[in-house]
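Before any comments, here is the structure.
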Amino acid sequence: MCTIYFLLRAILLPCCFEILSLSCCTLMKETLRYLAGIAGPSGYGSKSTAEQVADNCSCWVDPHHLTAIITGATSGIGAETARVLARRGVRVVIPARDLKKAVELKEGILKENPNAEIILSEIDLSSLASVKRFCAEFLALGQPLNILINNAGIFSQNLEFSEDKIEMTFATNYLGHYLLTELLLEKMIETAEQTGIQGRIINLSSVIHSWVKRDSFCFSQMLNPKKYNGTRAYAQSKLANILHAKEIARQLKAKNSKVTINAVHPGIVKTGIIRAHKGFITDSLFFIASKLLKSTTQGASTSCYVALSPQAEGISGQYFADCNESNCSALASDESVAQRLCRQTRALIHRRLQHQTPS
């Protein structure tokens, strides 16, 4: 029973968290809207798929003129995002830790679309040196960069540390993407100026960011927690991803740059773990839980929407869910917290890279 309880809690609570604070009437309406997949102002909703979104975005710009980097694209939402963007004609760059999986993904995309252009490269997002090396290799190609989707993410139940001696979830989900964005930002600004096409950066977050309390969001503790909790570490990294988007959006606006950055919550997506546990759950409970979960292509829809939709033109520093602008937590919207986190992150990365021996 204990296993069943925690499994259901993991499935149901993230799906319901956004609406728990609403009135009963609003709660009912929002629940029905989600379950029915009723479209929001964008014309899309929880049931919209990445292909539907991408197929309806052709009026913004010719996708054949776009180049996108997608992290974490060897499986799940990232793989579907890469497949759909490549299908639309976008040149897709896939930095991956497991190049074998990346090759398999590329072969699958090319089988479906022989004209797709896929570039593979090696990266370990938990390693600052590896991120720096990938960026140098990409910039040396001389390719433009229109879209950066910081999609990769891990969830670890056990305390692990990166080669930079930083807690692994925070290092991978947040720090690696922070450095990746910083090193590629000038290329994106340059591409936007030269082409007139707005650059777009998308940070994958999660509704679970709302679980983080202000007094527990401590930079030093996230780097080296005294008492580790996997869910808390994941939530903190996803909160950091939103704060990162908020602060970089502010900086880009101050520079009048033609590049935007937003955070997205893809939804709670069906996984092999949930399917494998079906035998432990009654059919009725699993039926209820399954209705709150998204398929992979539904999970990838919001990333594709923010990356391609003409409706997202000029929108920056926002949080999206189900392909619509949504509300994030008060802590995630705090400009002073975002600025402090940015300063602390930049200082940490500078120190760590400065002390590394050149390879």
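Remember, it's a predicted structure, so these values are computed and weren't measured experimentally.
Within the structure, ring pair (Phe, Tyr, Trp, His ring centres under 6.0 Å) contacts touching residues 79-136 (residues at least two apart or in different chains) do not occur. Listed by first and then second residue, the ring pair (Phe, Tyr, Trp, His ring centres under 6.0 Å) pairs involving residues 89-111 amount to none (not counting sequence neighbours).
Scanning for salt bridge (Lys or Arg N to Asp or Glu O under 4.0 Å) contacts around Glu104 gives an empty result, with sequence neighbours left out. A search for ring pair (Phe, Tyr, Trp, His ring centres under 6.0 Å) contacts involving His177 returns nothing, not counting sequence neighbours. By the side-chain hydrogen bond (donor to acceptor under 3.5 Å, both in side chains) test, Glu51 is found to be paired with Arg83, residues two or more places apart in sequence or in another chain being considered. With sequence neighbours left out, Ser121 forms a side-chain hydrogen bond (donor to acceptor under 3.5 Å, both in side chains) with Glu137. A search for side-chain hydrogen bond (donor to acceptor under 3.5 Å, both in side chains) contacts involving Gln143 returns Arg91, not counting sequence neighbours. Residues satisfying the ring pair (Phe, Tyr, Trp, His ring centres under 6.0 Å) criterion with Tyr305, sequence neighbours excluded, are Tyr44. Qualifying side-chain hydrogen bond (donor to acceptor under 3.5 Å, both in side chains) partners for Asp334, counting only residues two or more places apart in sequence or in other chains: Arg214, Ser336. For Phe155, the ring pair (Phe, Tyr, Trp, His ring centres under 6.0 Å) partners at least two apart in sequence or on another chain are Tyr234. Residues that satisfy the salt bridge (Lys or Arg N to Asp or Glu O under 4.0 Å) test with Glu325, not counting sequence neighbours, are absent from this structure.
A donor-acceptor pair is defined here as one N or O able to donate and one able to accept, closer than 3.5 Å; such a pair exists between the side chain of Asn262 and the backbone of Gly317.
The other members of the hydrophobic cluster of Phe161, by chain and number, are Leu159, Tyr228 (side-chain heavy atoms under 4.5 Å, ILVMFWY only).
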